[in-house]
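Below: one structure, written as structure tokens.
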Amino acid sequence: MNIQKAASLKSHNTFGIDAIGDLAVFQSTEELPALMEKTTHQPTLILGGGSNLLFTQNPTGWLWKNEIKGIEVLDENDDYVIVRSGAGENWHQFVLHCLRNNWGGLENLSLIPGKVGASPMQNIGAYGVEIKDIFHSLQAIRISDGILVEFDNQSCAFGYRESVFKRKLKDQYIIVSVSFRLSKRNHVLKTGYGDIQKELEIAANSEPSIQDVSRAVIAIRSTKLPDPNMLGNAGSFFKNPVVSTSIADSIQEKHPELVFYPAGDSAVKLAAGWLIEKAGWKGFRRNDAGVHARQALVLVNYGEASGKEIWQLSEDILLDVQAKFGVTLEREVNII
Ligand code: FAD
Ligand code: EPU
């Protein structure tokens, strides 16, 4: 356990915002009762890798950073394995561990920053896969009474960038481990999304493995998304909005090139990056807050931007997209 009052949070968030807060780092659930005593009250924020949040002010109250480690197999047969990871394991390192063992299911989710414990929070997703597709269960401590509770797939109420932990149970649980059901044989690869197929063709790969798909995803992501170690960001700042087909039709009348995907009966998901680019924001910069030049959905910190400046930029974009297209964007990043 490591406790620091008035710590710099700059290296604890991938936007690189220079906020100050009281920080407690813990490595096991056994430390929690003592932590509760030492920090005199409950945490106001559980921190993972800080890759999906924006500090717009110095947080009041304690931040508890979860560094619980350990990966273990809970069950397996010839077809599948159930593998459990501590919440504090790095997500991409966990994916690489599974790839080394030839367990299929996580390959499309390669190179997503952050910790395993945050992955159920917004049901992380990329390239046609969301964790709900391979999620088995998770264990979480209820903050009010310290009881360990198990959640299955259904009780997490996963949706697109959604879970019960972002809604009804917000700030009520500390996720301590997450388990996944991965394939050991007859795994069906998902290579239909975006440029994966093209990337595999470049590698002249007609019978790709899970490792090949992972390499393809890493190659695509590296060309589009800024590396937070080089340029502060938290990935997509907004969600891709789901709208009625009639709204999409009216936009498409003026813009036949509109980018959208099917999203159930009489609804479509629009590419927010397209809306923001079309509204003229791609590559925009105000002081050190900006819109990424290769991906308009990603807001960036060129160095010394404050969280408030980034938030204000997001608000200006939101209002402009609303005025130009009649579509209200929703922030995906957690605003603190
Ligand atoms: P944090 O930012 O630390 O926390 C996020 C939220 O989860 C906070 O509300 C926090 O309180 C809560 N939380 C964290 N850990 C716990 C815990 N153990 N128990 C309870 N609550 C907890 N996301 C995608 O879905 N798909 C992508 O393709 C993707 N690409 C990205 C690319 C880049 C370059 C970046 C910077 C981010 C990207 N993201 C993506 C967003 C981010 O990587 C994910 O949301 C990730 O899961 C956040 O993990 P974290 O540990 O950094 O969480
Ligand atoms: N587009 C533009 N201009 C841009 C960016 C995108 O026109 O500046 C259009 C393009 O037509 C492109 C389409 O939008 O084909 C989709 O873009 P991309 O494939 O880059 O994906 P995205 O919809 O912008 C989503 C996720 C990402 C995830 C990728 C790949 C959300 C909010 N974002 O982005 O997740 O990695 O798909 O699956 O759903 C994240 O959540 O932080 C994140 C990075």
Side-chain angles (χ1 to χ4, degrees), residues 25-33 35 46-49 64-143 145-159 162-166 169 172-190 209-211 213-214 217:
V25 180
F26 63 99
Q27 276 95 18
S28 73
T29 49
E30 288 75 39
E31 292 172 49
L32 292 179
L35 197 55
I46 307 300
L47 195 56
W64 286 14
K65 184 160 174 150
N66 188 328
E67 293 210 332
I68 298 176
K69 296 279 167 42
I71 300 176
E72 61 181 320
V73 169
L74 294 185
D75 188 18
E76 68 181 314
N77 62 20
D78 290 345
D79 294 322
Y80 67 83
V81 58
I82 306 227
V83 57
R84 176 159 73 192
S85 168
E89 290 285 349
N90 173 279
W91 173 263
H92 183 57
Q93 292 306 319
F94 173 62
V95 172
L96 292 179
H97 174 87
C98 296
L99 289 168
R100 276 194 298 274
N101 282 283
N102 270 321
W103 299 331
L106 294 175
E107 56 279 4
N108 295 48
L109 301 175
S110 299
L111 212 62
I112 297 181
K115 308 274 187 182
V116 171
S119 64
M121 290 298 296
Q122 67 159 9
N123 177 28
I124 56 168
Y127 298 95
V129 174
E130 293 179 332
I131 67 150
K132 73 169 171 45
D133 303 331
I134 51 299
F135 176 89
H136 176 263
S137 58
L138 66 78
Q139 292 182 314
I141 304 267
R142 190 160 52 213
I143 293 173
D145 57 10
I147 300 286
L148 187 72
V149 181
E150 184 136 346
F151 289 78
D152 63 11
N153 203 317
Q154 211 185 348
S155 47
C156 289
F158 290 127
E162 280 297 345
S163 77
V164 72
F165 302 104
K166 269 182 91 170
L169 302 183
Q172 291 182 35
Y173 283 85
I174 303 171
I175 296 170
V176 294
S177 72
V178 189
S179 306
F180 298 91
R181 189 186 200 275
L182 304 175
S183 308
K184 287 174 72 177
R185 64 178 180 193
N186 300 327
H187 178 58
V188 182
L189 293 175
K190 290 196 180 155
S209 62
I210 51 173
Q211 291 79 7
V213 172
S214 168
V217 167

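For I175 against P120, the heavy-atom pair with the smallest separation is CD1-CG, 4.3 Å. Closest of all the heavy-atom pairs between L109 and A126 is CD2-N, 3.4 Å.
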Determine, stepwise, if the pair K184 / E76 fulfils side-chain contact (heavy atoms from CB on, under 4.5 Å). CA-CA 9 Å; K184 287 174 72 177; E76 68 181 314; 2.6 Å; yes
Passes side-chain contact (heavy atoms from CB on, under 4.5 Å), L32 versus W64? Steps please. CA-CA 10 Å; L32 292 179; W64 286 14; 3.6 Å; yes
Kindly determine whether N102 and I210 satisfy side-chain contact (heavy atoms from CB on, under 4.5 Å), including the steps that lead there. CA-CA 8 Å; N102 270 321; I210 51 173; 4.3 Å; yes
Evaluate R100 against Q211 for side-chain contact (heavy atoms from CB on, under 4.5 Å), listing each step before the verdict. CA-CA 8 Å; R100 276 194 298 274; Q211 291 79 7; over 6 Å; no
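Inter-residue side-chain proximity for F26 and E67 is flagged as unmet; no heavy-atom pair is nearer than 4.5 Å. A heavy-atom distance below 4.5 Å is not found between the side chains of I134 and R181. Using a 4.5 Å heavy-atom threshold, the side chains of L99 and L106 count as separate. Between H92 and S110 there is a side-chain heavy-atom pair separated by less than 4.5 Å. L148 places a side-chain heavy atom less than 4.5 Å from the side chain of V176. By the 4.5 Å heavy-atom criterion applied to side chains, I71 and E89 are counted as neighbours. Looking at P113 and W91, their side chains never come closer than 4.5 Å, going by heavy atoms from C-beta outward. Inter-residue side-chain proximity for V83 and S179 is flagged as unmet; no heavy-atom pair is nearer than 4.5 Å.
Open room surrounds NE2 on H136; 12 or fewer heavy atoms of other groups in view lie less than 6.0 Å from it.
The backbone N or O of Y80 sits less than 3.5 Å from a side-chain atom of N77, completing a donor-acceptor pair. The backbone N or O of K69 lies less than 3.5 Å from no partner atom in the side chain of Q27, so there is not a single donor-acceptor pair. Using a distance-only test at 3.5 Å, with no hydrogens or angles considered, no donor-acceptor pair links the side chain of N108 to the main chain of V213. Between the N101 side chain and the H97 main chain, a donor and an acceptor come within less than 3.5 Å of each other. Looking only at distances, no side-chain donor or acceptor of S137 sits under 3.5 Å from a matching main-chain atom of F151. Panel note: side chain N66, backbone I174; no donor-acceptor pair is recorded below 3.5 Å. D79 contributes no side-chain N or O that, together with a main-chain N or O of S183, makes up a donor-acceptor pair within less than 3.5 Å. The closest donor-acceptor contact from the side chain of S163 to the backbone of N123 lies at 3.5 Å or more, if one exists at all.
The CZ atom of F135 sits 4.0 Å away from the CZ atom of F158 when rounded to the nearest 0.5 Å. In this structure, the separation between CD on E30 and CG on L35 is 12.5 Å, given to the nearest 0.5 Å. Here the straight-line distance linking atom CD of E130 with atom CD of Q122 works out to 10.0 Å at 0.5 Å rounding. Atoms CD and NZ, from Q93 and K115 in turn, are 10.5 Å apart once rounded to the nearest 0.5 Å. Taking CG from L96 and OG from S214, the interatomic distance works out to 6.5 Å, rounded to the nearest 0.5 Å. Interatomic distance, L189 CG to S209 OG, rounded to the nearest 0.5 Å: 7.5 Å.
Ring geometry for F180 versus F94: interplanar angle of 30 to 60°, hence tilted.
With sequence neighbours left out, D75 forms a salt bridge (charged side-chain N to carboxylate O under 4.0 Å, His left out) with no residue at all. Applying the salt bridge (charged side-chain N to carboxylate O under 4.0 Å, His left out) test to E72 and every residue at least two apart in sequence or in another chain returns R84.
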